[in-house]
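Let me begin by presenting the structure, written as structure tokens, before commenting on it.
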Amino acid sequence: QVQLVESGGGLVQPAGSLRLSCAASGRIASIGTMSWHRQAPGKERELVASITSDGSRNYADSVMGRFTISRDNNKNALYLQMNNLKPEDTAVYYCNVVGYSWSGDYDVWGQGTQVTVFS
């Protein structure tokens with residue numbers, strides 16, 4: 001079993017910054033792609049950014065140039081640096097890790113952390 005613990009969410013003013021962290025533990029074995037998703041009230045969950053095991057990154061158009069996804073494979077950790085935040089970034093942010101262990105493939109989610117951008 002793999003567990004993800006998120007931290008770093010909170011309240012921030014427009015144009016402010018936050019850094020989200022996600023730490024994986026448990027029967028990890030081999031982690032593939034790690035990603036951040038978000039879900040605003042009444043809206044569908046959407047992919048924000050992803051990063052492969054070799055460091056290839058993809059971003060949603062809405063966050064490109066403002067957010068940076070990174071990972072530390074030695075720490076089994078995932079990060080999201082969010083700069084120039086906008087009210088429309090307000091959502092619950094979830095980290096996701098896809099990987100493989102002896103018991104099979106896994107696809108696990110963090111508990112979610114609230115990001116609120118307000119004036």
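Since the structure is predicted, the reported quantities are computational estimates derived from the model, not experimental observations. The figures that follow rest on heavy atoms only: side chains count, while hydrogens, waters and symmetry mates do not.
Inter-residue side-chain proximity for Cys95 and Met34 is flagged as unmet; no heavy-atom pair is nearer than 4.5 Å. Within the 4.5 Å cutoff, side-chain heavy atoms of Asp89 are placed close to those of Arg38. Side-chain atoms of Tyr106 and Val98, non-hydrogen and from C-beta on, never get closer than 4.5 Å to each other. Looking at Ile28 and Ser101, their side chains never come closer than 4.5 Å, going by heavy atoms from C-beta outward. No side-chain heavy atom of Thr33 sits under 4.5 Å from any side-chain heavy atom of Ile51. Within the 4.5 Å cutoff, side-chain heavy atoms of Met82 are placed close to those of Val115. Side-chain contact between Ile69 and Leu78 is present, with at least one heavy-atom pair separated by less than 4.5 Å.
If you chain together hydrophobic residues whose side chains sit under 4.5 Å apart, Leu20 and Val12 fall into the same group. Cluster annotation: Leu11 and Tyr93 are assigned to distinct hydrophobic clusters (Ile/Leu/Val/Met/Phe/Trp/Tyr, side-chain heavy-atom contacts under 4.5 Å, transitive). Connection of Leu18 to Phe118 is not established within any shared hydrophobic cluster, with ILVMFWY side chains joined at heavy-atom distances below 4.5 Å, either directly or through further cluster members.
Contacts of Ser30 classified as side-chain hydrogen bond (donor to acceptor under 3.5 Å, both in side chains), with partners at least two apart in sequence or in another chain: none. Here Asp107 pairs with Asn96 under the side-chain hydrogen bond (donor to acceptor under 3.5 Å, both in side chains) rule; sequence neighbours left out. Under the rule for a side-chain hydrogen bond (donor to acceptor under 3.5 Å, both in side chains), Asn74 has no partner lying at least two apart in sequence or in another chain.
Within the structure, the ring-ring contact (aromatic ring centres under 6.0 Å, His included) test picks out no pair touching residues 50-88 (sequence neighbours left out).
Applying the 4.5 Å side-chain rule to ILVMFWY residues, one finds that Tyr100 remains a lone member of its cluster. Through chains of ILVMFWY side-chain contacts below 4.5 Å, Trp109 is grouped with Val92, Tyr94.
Residue Leu4 comes nearest to Cys22 through the heavy atom pair CB-SG, 3.9 Å, listed as atom of the first residue, atom of the second, then distance. Summarising the geometry of Ser35 relative to Leu47, their closest heavy-atom pair is CB-CD1, 3.8 Å, with the distance given to 0.1 Å. Smallest separation of non-hydrogen atoms from Gln111 and Val5: OE1-CA, 3.7 Å.
Within a 6.0 Å radius of CD in Gln1, other residues, nucleotides and ligands contribute more than 12 heavy atoms. Taking a 6.0 Å sphere around CD of Gln3, one finds it holds 12 or fewer heavy atoms contributed by other residues, nucleotides or ligands.
Formation of a donor-acceptor pair under 3.5 Å by the Arg57 side chain with backbone atoms of Gly55 is found in this model. Between the side chain of Glu6 and the backbone N or O of Gly112 there is at least one donor-acceptor pair closer than 3.5 Å. For the pair Arg45 (side chain) and Ala40 (backbone), a donor-acceptor distance under 3.5 Å is absent. Ser53 places no side-chain N or O within 3.5 Å of a backbone atom of Gly32 that could act as its donor or acceptor partner.
Note that CD of Gln39 is 11.5 Å distant from NE2 of His37, once rounded to the nearest 0.5 Å.
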Handout entry: Worked check of side-chain hydrogen bond (donor to acceptor under 3.5 Å, both in side chains) between Thr90 and Glu88
Key = CA-CA 5 Å; Thr90 296; Glu88 52 263 43; over 6 Å; no

Exercise for the section: Under the side-chain hydrogen bond (donor to acceptor under 3.5 Å, both in side chains) rule, what do Asp54 and Ser56 come out as? Steps first, then yes or no, please. Expected result: CA-CA 6 Å; Asp54 66 354; Ser56 180; 5.1 Å; no

Practice task
Could you give me the CA-CA distance, side-chain angles and deciding distance for Ser17 and Gln81, then say whether side-chain contact (heavy atoms from CB on, under 4.5 Å) is met?
Solution key: CA-CA 8 Å; Ser17 297; Gln81 179 66 47; 4.0 Å; yes

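Side-chain atoms of Thr116 and Gln114 include a donor-acceptor pair closer than 3.5 Å.
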